[in-house]
Number of protein chains: 2
Amino acid sequence: MKNHHKPVKIIRRGGLAKLTGCNLETIRYYETIGVMPEPPRSSKNYRVYDDSHVTRLRFIMRSRELGFTLEEVRDLLALVDGGAQTCGEVQVLANTHLTSIRTKIADLKRIEHVLTSTVAQCTGDDVPECPVIDALTEVA
Amino acid sequence: MKNHHKPVKIIRRGGLAKLTGCNLETIRYYETIGVMPEPPRSSKNYRVYDDSHVTRLRFIMRSRELGFTLEEVRDLLALVDGGAQTCGEVQVLANTHLTSIRTKIADLKRIEHVLTSTVAQCTGDDVPECPVIDALTEVA
DNA sequence: CTTGAGCCTGTACCAACTACAGACACTAGG
DNA sequence: CCTAGTGTCTGTAGTTGGTACAGGCTCAAG
């Protein structure tokens, strides 16, 4: 008969924030948009979390770090929650996301190329003539 | 004595939108945030634009296409408006922007690499085990 | 007994737009 | 002359992904 009056360290919102590194308010935000479940409440109406919430929040954060939108995170979680997720379904989501990332990279590289070659023509002097301004002004 | 009762085709908001490809509402937005000037109004309170507005809006749009934030656009315009802009000053703004673009590219490439190598391990089958889900779940 | 920390709620704010409602203005057709 | 359609005006709300703050409650320590 152990743990009679110190069963488990209870996790409240601040605790979950510290455990995960997530911002305190963001946790509540994730709850309101439905990617985090509404946790049970203590007698004083405090949110009470457990390990499953820690895991889920970390999943969300890691997904976000990899650039998944919250809508995509919702889809991933729906697959996981459904229990019937298949590797094939997840792969489709991941590949779709990968495509949009590759598009973004291509866009940024194009921008980087244009800017780099334009700035390279700058004298950098105290003169009003500037290739960058010209490039932005030209009718394109 | 020509153009006696057809002086110049007047440009209203819709006209400016068509000339530039800019969204109608965005033009008003740019005015409220101060990157586009308040144009004169007709007797019926319609905004009346001229070539200078077309040029300026195109400058803004081109800057946005190159990924400058509206705050950066404001800075660029301030230099141009001041009349005393120097190539050196513009170059500084452009290089700062370039740095942030390169950072974004690097971030996206890292993400792309992680996702690509993870998805590559997927069987894509109708099985619940999935390397992507594992990667998102792992404590990292 | 008071002070501070932590939690609660609702709401406002950021970028950079986009869209919509409701009210006028103007033009062409019937 | 009336009406339909288009264009414009204003203010305001919604988008994404958070972040922050105000005002109020509870609780533990000093």
Side-chain angles (χ1 to χ4, degrees), chain A residues 5-6 9-36 38-49 53 57-77 97 100-101 104 107 111, chain B residues 5-6 9-36 38-49 53 57 59-77 97 100-101 104 107-108 111:
Chain A
H5 60 311
K6 196 195 171 191
K9 178 85 177 73
I10 66 149
I11 305 171
R12 281 179 303 186
R13 193 146 58 101
L16 183 57
K18 257 179 204 115
L19 281 171
T20 58
C22 185
N23 178 287
L24 187 70
E25 305 286 6
T26 302
I27 294 171
R28 191 160 58 105
Y29 171 68
Y30 284 165
E31 185 182 322
T32 67
I33 64 162
V35 293
M36 283 291 286
E38 290 183 27
R41 300 291 184 114
S42 74
S43 59
K44 283 306 163 190
N45 204 31
Y46 289 1
R47 289 171 179 82
V48 179
Y49 298 99
H53 297 98
L57 182 50
R58 282 213 251 253
F59 182 97
I60 297 166
M61 292 174 74
R62 185 110 180 90
S63 302
R64 293 288 302 128
E65 280 164 19
L66 289 179
F68 286 97
T69 65
L70 283 172
E71 197 50 47
E72 289 170 324
V73 173
R74 211 189 299 272
D75 293 342
L76 286 168
L77 287 168
H97 178 52
S100 88
I101 284 180
K104 279 186 188 124
D107 288 347
I111 289 172
Chain B
H5 60 308
K6 195 195 173 190
K9 179 84 177 73
I10 66 149
I11 305 172
R12 282 178 301 187
R13 193 146 58 101
L16 184 57
K18 258 178 204 115
L19 282 171
T20 57
C22 186
N23 178 288
L24 187 71
E25 305 286 4
T26 303
I27 294 171
R28 191 160 58 106
Y29 171 67
Y30 284 163
E31 186 182 322
T32 67
I33 65 163
V35 293
M36 282 292 286
E38 290 184 27
R41 300 292 185 113
S42 73
S43 58
K44 283 305 164 191
N45 203 32
Y46 290 0
R47 289 169 179 84
V48 179
Y49 298 100
H53 297 97
L57 182 49
F59 183 97
I60 296 166
M61 292 175 74
R62 184 112 180 90
S63 302
R64 294 286 304 127
E65 280 164 19
L66 290 177
F68 286 98
T69 66
L70 281 172
E71 197 52 45
E72 289 169 324
V73 173
R74 212 189 300 271
D75 294 342
L76 286 168
L77 286 168
H97 179 51
S100 89
I101 284 179
K104 281 189 188 124
D107 288 347
L108 286 172
I111 289 172

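This structure is a prediction, so every number in the text was calculated from the model and none was measured. Only heavy atoms go into these numbers, but all of them, side chains included; no hydrogens, no water, no symmetry mates. Naming convention: chains lettered A, B, ... in sequence-line order (proteins, then strands); numbering from 1 in each chain.
Using a cutoff of 4.0 Å between basic side-chain nitrogens and carboxylate oxygens, R62(B) and E65(B) are scored as salt-bridged.
L24(B) places its CG atom 10 Å from the P atom of dA19(C), with the value rounded to the nearest Å. Following rounding to the nearest Å, R12(B) (CZ) and dT27(C) (P) show an atom-to-atom distance of 9 Å. What separates CG of L16(B) from C1' of dG7(D) is a distance of 15 Å, to the nearest Å.
R74(A) places a side-chain N or O within donor-acceptor distance of the main-chain N or O of I33(A), the cut-off being under 3.5 Å. R58(A) places a side-chain N or O within 3.5 Å of a backbone atom of L19(A) that can act as its donor or acceptor partner. A side-chain donor-acceptor contact under 3.5 Å links H97(A) to the backbone of L66(A). Formation of a donor-acceptor pair under 3.5 Å by the T26(B) side chain with backbone atoms of Y29(B) is not found in this model.
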Query - Check against side chain to side chain contact (heavy atoms under 4.5 Å, CB included), R47(A) and R12(A) - result: CA-CA 6 Å; R47(A) 289 171 179 82; R12(A) 281 179 303 186; over 6 Å; no
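Ranked by how close their nearest DNA chain C nucleotide is to the 5' end, K18(A) and K44(B) are led by K18(A).
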Query raised in the report: Base, backbone or nothing for each nucleotide of nucleotides 9-18 of chain C, written B, S, -, heavy atoms under 4.0 angstrom, 5' to 3'?
Result: BBB----BBB
